[in-house]
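Order of the sequence lines sets the chain letters (A, B, ...), proteins ahead of strands, with each chain counted from 1. Not measured: the values here are computed from a predicted model.
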Amino acid sequence: GESVGLHLPTLSVQEGDNSIINCAYSNSASDYFIWYKQESGKGPQFIIDIRSNMDKRQGQRVTVLLNKTVKHLSLQIAATQPGDSAVYFCAENYYNFGNEKLTFGTGTRLTIIP
Amino acid sequence: GAGVSQSPRYKVAKRGQDVALRCDPISGHVSLFWYQQALGQGPEFLTYFQNEAQLDKSGLPSDRFFAERPEGSVSTLKIQRTQQEDSAVYLCASSPRTGAYGYTFGSGTRLTVV
């Protein structure tokens with residue numbers, strides 16, 4: 001399949017280790033944030049979301065941290081597996097009637113080393 | 001089907017040609033979105049439908065881009081007089097509710113203008 005991104009920031013992690021992917025978002029008014037995973041040739045796949053009234057949310061093997069003071073999001077993936085290799089995007093939205101769109105960051109390519 | 005279906009999967013168009021890209025959302029989904037993803041970039045919002053109503057077309061880059069969803073189900077993104085800068089992956093997403101909550105994306109149509 002085609003490459004999702006050729007010149008993205010990259011992160012290489014040994015299989016079984018934990019990984020942290022960071023994202024700086026742009027709009028201080030944003031109140032909803034999502035992490036997506038995108039594999040080559042596929043559309044973005046929802047991983048986890050968080051609202052601005054929270055600073056941490058956990059899922060299965062994933063944790064999202066939100067620091068509104070510095071407009072920073074992170075995605076932690078525990079015990080990484082080869083299937084975690086993909087490009088990861090953060091996305092933001094601020095609730096306003098009629099504003100349904102997400103603004104995506106530039107993405108990070110995560111490579112899991114077997 | 002179980003997911004968002006887009007066709008064609010790949011499209012090569014000569015510069016100046018008109019193209020039509022199709023999106024079949026998940027059955028019953030109210031919201032439908034189109035995004036454009038250039039190589040190495042995150043998706044960028046193009047337009048949003050709630051049922052058959054196009055509520056936001058602020059992301060359409062020029063009047064050569066037109067989208068419709070006449071019966072509130074299938075949507076078509078049309079690009080007239082294609083130019084090289086239109087080369088990108090066009091992603092469709094749908095959601096069962098209004099608001100930017102956990103859309104499901106299709107795999108996209110990769111458009112190459114030569």
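- Linking Ile, Leu, Val, Met, Phe, Trp and Tyr whenever their side-chain heavy atoms come within less than 4.5 Å puts A:M54 and A:F33 in one cluster.
- Under the 6.0 Å cut-off for aromatic ring centres, B:F105 and A:Y36 qualify, their centroids lying closer than that.
- Atom CG of A:L8 sits about 8.0 Å away from atom CD of B:Q41, to the nearest 0.5 Å.
- Side-chain N/O atoms of B:Q50 and A:E100 include no donor and acceptor closer than 3.5 Å.
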For this session: Please assess B:Y35 against A:L102 for the test side-chain contact (heavy atoms from CB on, under 4.5 Å), listing each intermediate value before the final yes or no.
Result: CA-CA 10 Å; B:Y35 283 79; A:L102 292 173; 3.6 Å; yes
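- A 6.0 Å sphere centred on CD of B:E44 holds no more than 12 heavy atoms belonging to other residues, nucleotides or ligands.
- The local environment of CD in B:E71 is sparse, with at most 12 non-hydrogen atoms from other residues, nucleotides or ligands closer than 6.0 Å.
- Under the 4.5 Å side-chain heavy-atom criterion for Ile, Leu, Val, Met, Phe, Trp and Tyr, A:I34 and A:I48 are members of distinct hydrophobic clusters.
- Using a 4.5 Å cut-off between heavy atoms, A:D49 makes no contact with chain B at all.
- Residue B:T104: no heavy atom, backbone or side chain, is found under 4.5 Å from chain A.
- Clustering ILVMFWY residues whenever any of their side-chain heavy atoms sit less than 4.5 angstrom apart, transitively, puts A:L66 in the very cluster that holds A:L75.
- Other residues, nucleotides and ligands contribute at most 12 non-hydrogen atoms within 6.0 Å of the NZ atom of B:K57.
- Counting non-hydrogen atoms of other residues, nucleotides and ligands closer than 6.0 Å to CZ of B:R64 gives a total above 12.
- In plain terms, the two heavy atoms of A:P44 and B:L91 that are nearest each other are CD-CD1, 3.8 Å.
- At a threshold of 4.5 Å between non-hydrogen side-chain atoms, the residues B:Q37 and A:F89 count as touching.
- Proximity to chain B is limited to the side chain of A:F46, based on heavy atoms less than 4.5 angstrom apart.
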